[in-house]
Amino acid sequence: MKLDNVPQDDSILEGHRRACYAQDADGRYVVAPSRGWSVEAIANRQALADVQARIAAALESVRAGRVSPLAYHMARCHMDTRLLAAYSGIFSLRIRRHMRPEVFARLPDRLLQRYADALGMALATLKTLPDSP
Amino acid sequence: MLDNFDHVHSAHCESGAFCALLRHHGLKLSEAMVFGIGSGLFFLYMPFIKVYGLPLISYRDMPNAIIVRGARRLGVRLRKQRFRDADHGMRTLDTMLESNQPVGMQTGVFWLPYFPRDLRFQFNGHHVIAYAREADHYLLSDSVFEHVVRCPADDLRRARFSKGPLAPKGMLYHIESITLEPDLKSAALAGLRTTVSRMLKIPLPLMGVAGIRRLAKVVGAWPTHLTRHAANNHLANVIRMQEEIGTGGAGFRFMYAAFLAEAADLLGKPALREASDMLSEAGDRWRDFAVEGVQLIRRGESAPAAYDSLAQMLLECARREELVFRTIGAVLQDPP
């Protein structure tokens, strides 16, 4: 890649610049900062769209009373039951049971705290939902 | 505690972190050199290992391979520690920082708040350096960023003890001893040898040049085997691994070309300069592939003909890379 061709598209880097390798006029390699590339932004959006759809679907299900808020917060942290089990040290089957709203509502704070820690959030917000995903 | 740290803005987190640590201890090498000596370049297609439900694709070798090989070849004694207990892991970090020791760490990107939001995926192979602590913040030199950053202690703790594939288990590393005049020539040769053999000689069709060919084959088949949406997702995954933050462009190919150019001068082997130019061109073909690929994604297309032309582009990349590594292989056969 030539130095002039290093893309400078404002994309997903939020104003940060990343280092790219490109050749200057003499053919020497130099490190050139890049604001991002639209191509990578499209690929990134495609990947995130699925994650976001899963989060939105989880939020919908919680609102409809089909699953507990735990399902939403799990999706928000890009986790599935297996990964949440690894983070929290709680067995998958048990987590799945805690996805039932009536079971979740009766959980002691001690257990909720483990979920809150695993999901990197405060215990108080674990039972709440945001207005939009 | 260190007041500041000589931050190096790099393309790749691991080679960048290692390069900055070496520099701190007085050994000044370019990131590309560190990447090449550590044999960072690779290609891997693992359909049975899924990341976010998609096949694992990597343009580089396993996390930590660069620091392990690099240290060995440069005569650096690197101490690595992992922790079962997070409190212990954080205390150990503090102790090392108090004795003015900058520390490399393996972290999970998802929990690092200074990362752009769209790049925060559950990925556990990210390397950063901590060099100081201020109350409940750590000062980090994250080499893929332009400047040093501050990170709350809670977040760093979560990132260091993130879970899932490649879980870092609080991994810390620091340089215990170093030689300031390493045998760079033999280090570079060893780096080249490993990469040539890994790119050409692994008898599994999922790794190295054969892996690129295998990927080409499956890309051509996606429109028939997958739904349109899934085919687009698979394609986006390949392009992300190639171009998203931390590859220096074209899936590390440009950075490795920079290493080859440097190695050509170091070893007095003009043929490596040719290999560098050839790899540079192969990198440009990879970029073309990405450009074509996102056109399909944007149009939501899954016409077999379109994917077939992508497969042809990948085969072209494979052909060019095979030539590159055969050229380097011939150089290595040559007596010095």
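This structure is a prediction, so every number in the text was calculated from the model and none was measured. Quick note on labels: first sequence line is chain A, next is B, and so on, each numbered from 1.
Residues B:Glu244 and A:Asn44 bring a donor and an acceptor atom of their side chains to less than 3.5 Å of each other.
With a 4.5 Å cut-off on side-chain heavy atoms, A:His16 and B:Tyr114 do not count as touching. Side-chain contact between B:Asp284 and A:Met1: present, with at least one pair of heavy atoms (C-beta onward) separated by less than 4.5 Å. With a 4.5 Å cut-off on side-chain heavy atoms, A:Gln46 and B:His234 do not count as touching. The side-chain heavy atoms of B:Asp277 and A:Gln23, taken from C-beta on, include a pair separated by under 4.5 Å.
Listed by sequence position, B:Tyr52 are the residues of residues 48-55 of chain B in contact with chain A, using a 4.5 angstrom heavy-atom cutoff.
Of the atoms belonging to A:Asp80, not a single heavy atom falls under 4.5 Å from chain B. If you measure heavy-atom distances from B:Ser280 to chain A, the contacts under 4.5 Å come from both the backbone and the side chain. Only the side chain of A:Val51 comes within less than 4.5 Å of a heavy atom in chain B; its backbone stays farther off. Contact annotation for A:Val39: both backbone and side-chain heavy atoms come within less than 4.5 Å of a heavy atom of chain B.
Per-residue heavy-atom pair counts under 4.5 Å with chain A were compared for B:Gly249, B:Ser143, B:Gly293, B:Ala290, and the maximum is reached by B:Ala290.
Legend: residues meeting side-chain hydrogen bond (donor to acceptor under 3.5 Å, both in side chains) with B:His12, ordered by chain and number and at least two apart, are absent.
At distances below 3.5 Å, not a single donor-acceptor pair connects side-chain atoms of B:Gln122 with backbone N or O atoms of A:Met79. Side chain of B:His9 to backbone of A:Arg17: a donor-acceptor contact under 3.5 angstrom is found.
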